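First comes the structure, then the notes that go with it.
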Amino acid sequence: MKREKNAGDLHWWQTGVIYQIYPRSFKDTSGNGIGDLEGIITNLDYLNDGIAQQSTEGTLSSLGIDAIWLSPFYPSPMADFGYDVADYVDVDPLFGDLSTFDRLVDEVHKRGMKIIIDYVPNHSSDQHPWFVESRSSRTNSKRNWYIWRDPKPDGSPPNNWGSLFGGPAWTLDEKTGQYYLHQFLKEQPELNWRELEVKEAFFDVLRFWMDRGVDGFRMDVIGMILKDPDLRDNPLNRRSDIDLPDSDAYWRLMHKYNKDLDQVHEILREFRELADQYSDRCLIGEVWYELPRWIMYYGRNGDELHLPFNFRLMSLPWDAVAFQYSVDEMEAALPHFGWPNYVLGSHDTDRLASRLGTPQARVAAMLLLTLRGTPTLYYGDELGMINGVITPENMQDPQGFRLGLHRTRDTGRTPMQWNTKPFADFSTVEPWLPVGEDYLRRNVERQSEDATSMLNLYRQLLMYRRNTPALFEGTYRSLDVGHKCCYVYAREHTEGSRLIALNFTDQFCTMAVPYNADAEIAISTFLDRTERVSLSNLYLRPYEGTIIEVVS
Ligand code: GLC
């Protein structure tokens, strides 16, 4: 089918900015302390009102993002808060129903946005009818839909694999006397992707949502769906076996046989063929591998994922040289058809502003929205939300229960902070996770009124990016300014180029940028200067980032 393209021949998933919503935590309209789809619908204008008006004070009415990605909203016992799916083609009553979902799709599209949903093919819930059948007897027709193996002669699990959430990756089913595989919770049994019917069933799921107007999928741990056919023992990870507790069975091992197998690419090509039968759909994958393996997920001929998520910047120390190296290395390795993308925050990590610090998070915002490629922004990071205060009493995340309070992911999942009303107006009742203690100060309403707030920085950057071809489709090259404190790069385009200069340190920094042009600062991360500057003597304040317009 013919592809729809937007300006400059690029697709929406190339020029656009993705915003991740964790539905439980965005807005509760049903009054149960848990966010829902209606809550997303009622706040779509916050994300993109379709007009992005500028007030007389210069503040913008809307963020101006291009696509939303929803973490799972499917029927689920919520053992892993929706990443344990009990029905892939419905909506959990907690969040609404299919007709609410249809309205959401409609309202998203009306505003010119796209909708991406989470797709969890590696494992289902143990309550999914498929697994209920599969575990009912060794001869059930769905037995082979999951990964079942006999115990070893001494009764122990079939191999040494560990679960990412601690403990062994196998649970014995007493009734049928076999173990089943789960690399997450025991409530998340892994599907057998070597079984043709499993593949067909999941392809039908994709069709179901694409027929409903869904524009893209974020495919959960997609590189894990195939395992070694012989389920061989993984080798010991000699670097980390000393430090890790026994409970952390997963990271004590190398992951040679349980993920990232070459054969997974055959299935990804089939996924892509299916997506390509529809108009301009996008496949995004959660893949964490080292650069050479990660790049393979674009496919040898660009025939697999459109965007294998790039998390590489998330694990780096806050250091200009390290960031530049990571981006340059990736840019150099990308095949011509590979479109870059960057993720700085998600529902699986600490808050960006807590990891980096608030002043640094402003620089990170500019970085994310000015690098070449598709940025994914995590809800609340546009306010600079910090980690929630999680105690053993209010902890919810199963990873925290199993691996300790320091490993809980609840810190980054606290309710969206809308205004100064009780519970930050996320809900009228006590929310499922505590509202951030700073919500009276840090919320959408207050930050909308403050012309230099983090929120207004994001709005300005997004607006500027939308109107600047150099940023959404220009080339990228880093510039050597002979300083380790700053990361400087050029985004070049025939319609006008831009330089981005980011000071990663708490020191003032003056540098000579090797670029022969007249220059003018268009945006500073402090939102307080737009002025002509000399590139041979460019001056940045501590933690200041600037977008510079150049005229050569
Ligand atoms: C992915 C999700 C994470 C979930 C896990 C198991 O990594 O991002 O939240 O717990 O998969 O589905």
Side-chain angles (χ1 to χ4, degrees), residues 1-6 10-14 16 18 67-74 83 85 87-91 98 101-102 105 108-109 114-124 128 130 142 144-146 190-227 259-287 294-309 335 337-339 341 374:
M1 203 172 279
K2 199 173 165 300
R3 291 174 168 286
E4 283 167 20
K5 301 214 169 172
N6 64 14
L10 292 174
H11 298 272
W12 63 269
W13 49 268
Q14 295 177 297
I18 301 170
I68 57 173
W69 149 33
L70 306 185
S71 284
F73 49 77
Y74 309 107
Y83 284 96
V85 180
D87 182 351
Y88 288 93
V89 288
D90 205 348
V91 174
L98 277 174
F101 183 81
D102 289 341
V105 173
V108 164
H109 287 161
K114 303 284 184 183
I115 181 164
I116 299 164
I117 63 174
D118 228 296
Y119 178 75
V120 191
N122 180 65
H123 45 269
S124 72
H128 196 295
W130 297 340
K142 291 211 167 43
N144 202 32
W145 280 41
Y146 292 83
E190 306 222 354
L191 285 135
N192 176 13
W193 275 80
R194 296 183 187 277
E195 169 64 57
L196 202 63
E197 288 179 7
V198 167
K199 196 165 72 178
E200 290 306 330
F202 271 98
F203 284 7
D204 282 346
V205 171
L206 274 194
R207 287 189 194 98
F208 175 88
W209 293 108
M210 288 195 285
D211 289 341
R212 283 198 120 81
V214 167
D215 302 287
F217 299 89
R218 175 271 189 189
M219 306 168 98
D220 191 62
V221 292
I222 192 67
M224 291 177 83
I225 60 174
L226 276 190
K227 337 314 167 183
K259 63 180 187 183
D260 191 28
L261 300 189
D262 292 338
Q263 247 192 307
V264 85
H265 296 283
E266 291 168 23
I267 300 183
L268 281 171
R269 282 194 287 278
E270 291 183 59
F271 271 125
R272 178 60 178 267
E273 259 174 47
L274 174 57
D276 283 349
Q277 288 166 17
Y278 289 74
S279 159
D280 216 14
R281 308 301 157 106
C282 169
L283 300 180
I284 302 174
E286 189 202 9
V287 277
W294 171 80
I295 274 191
M296 306 277 285
Y297 284 79
Y298 285 99
R300 282 220 161 93
N301 303 305
D303 50 2
E304 296 182 26
L305 298 177
H306 298 89
L307 302 174
F309 261 155
F337 50 73
W339 185 257
N341 78 94
T374 310

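What you are looking at is a predicted structure, and each value in this text was computed from that prediction instead of being measured. Because only heavy atoms are used, hydrogens play no part in the values below, and waters and symmetry mates are left out as well, while side chains stay in.
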> Any side-chain heavy atom of P121 within less than 4.5 Å of one from I222?
Replying inline: yes
> How close do W339 and T374 get, heavy atom to heavy atom, and via which atoms?
Replying inline: NE1-OG1, 3.0 Å
> Does the side-chain hydrogen bond (donor to acceptor under 3.5 Å, both in side chains) test come out yes or no for N122 and K227, once each step is laid out?
Replying inline: CA-CA 10 Å; N122 180 65; K227 337 314 167 183; 2.8 Å; yes
> Which distance, rounded to the nearest 0.5 Å, do you find between the CG of L206 and the CG of L283?
Replying inline: 7.0 Å
> Under a 4.5 Å cut-off applied to non-hydrogen side-chain atoms, are P335 and I295 in contact?
Replying inline: yes
> So, do M210 and L274 sit near enough that their side-chain heavy atoms are less than 4.5 Å apart?
Replying inline: yes
> For the atom pair CG (D118) and CD (E286), what is the distance rounded to the nearest 0.5 Å?
Replying inline: 8.5 Å
> Measuring from D87:CG to Y74:OH, what's the distance to the nearest 0.5 Å?
Replying inline: 10.0 Å
>> Test side-chain contact (heavy atoms from CB on, under 4.5 Å) on K259 and V221; report intermediate values, then the result.
In response: CA-CA 9 Å; K259 63 180 187 183; V221 292; over 6 Å; no
> So do F203 and E270 actually touch side chain to side chain, heavy atoms under 4.5 Å?
Replying inline: yes
> What are the two closest non-hydrogen atoms of W13 and D280, and how far apart are they?
Replying inline: NE1-OD1, 3.8 Å
> Should F73 and F101 be marked as a ring pair (Phe, Tyr, Trp, His ring centres under 6.0 Å) after you check the CA-CA gap, both sets of side-chain angles, and the distance that decides it?
Replying inline: CA-CA 10 Å; F73 49 77; F101 183 81; 5.1 Å; yes
> What's the shortest heavy-atom distance between A67 and W12, and which atoms?
Replying inline: CB-CZ3, 3.9 Å
>> Under the ring-ring contact (aromatic ring centres under 6.0 Å, His included) test against F202, which residue among F217, W209, W145, W130 passes?
In response: W130
> R269 and D303: which non-hydrogen atoms are nearest, and at how many Å?
Replying inline: CD-OD2, 3.4 Å
> Okay, side chain of W193, backbone of I225: is any donor-acceptor separation there less than 3.5 Å?
Replying inline: no
> Just wondering, do Y297 and V264 contact through their side chains at under 4.5 Å, heavy atoms?
Replying inline: yes
> What class does the angle between the rings of Y88 and H128 fall in, given that below 30° is parallel, 30 to 60° is tilted and above 60° is perpendicular?
Replying inline: tilted
> When W69 is tested against each of I18, I284, I115, I117 for side chain to side chain contact (heavy atoms under 4.5 Å, CB included), which residue passes?
Replying inline: I18
>> Checking E195 now: which residues fulfil side chain to side chain donor-acceptor pair (under 3.5 Å) with it, not counting sequence neighbours?
In response: N144
>> H109 vs D215, test: side-chain hydrogen bond (donor to acceptor under 3.5 Å, both in side chains). Steps then yes/no.
In response: CA-CA 10 Å; H109 287 161; D215 302 287; 2.7 Å; yes
>> Please find the pair of heavy atoms, one from M219 and one from L305, that lie closest to each other, and give the distance.
In response: SD-CD2, 3.8 Å
> Counting only N and O atoms by type, is there a donor-acceptor contact under 3.5 Å from the side chain of Y146 to the main-chain atoms of S124?
Replying inline: no
> When rounded to the nearest 0.5 angstrom, what distance separates CD in E266 from CD in E304?
Replying inline: 9.5 Å
> Do other residues, nucleotides or ligands put more than 12 heavy atoms under 6.0 Å from the CZ atom of R207?
Replying inline: yes
>> So, taking the atom named NE2 in H306 and the one named CZ in F337, what distance separates them when rounded to the nearest 0.5 Å?
In response: 12.0 Å
>> Tell me if a side-chain donor or acceptor on R281 pairs with a main-chain N or O of V214 at a distance below 3.5 Å.
In response: yes
> Roughly how far apart are L226 CG and L191 CG, rounded to 0.5 Å?
Replying inline: 11.5 Å
> What pairs with D220 under salt bridge (charged side-chain N to carboxylate O under 4.0 Å, His left out), at least two apart in sequence or on another chain?
Replying inline: R218
> Given side chains that start at C-beta, do those of D90 and L98 come closer than 4.5 Å, heavy atoms only?
Replying inline: yes
>> Ignoring hydrogens, what is the shortest heavy-atom contact between P72 and V120? Give both atom names and the distance.
In response: CG-CG2, 4.2 Å
> Is the closest side-chain heavy-atom distance between R194 and Q263 below 4.5 Å?
Replying inline: yes
>> Contact between Y83 and S71 at the side-chain level, heavy atoms closer than 4.5 Å - yes or no?
In response: yes
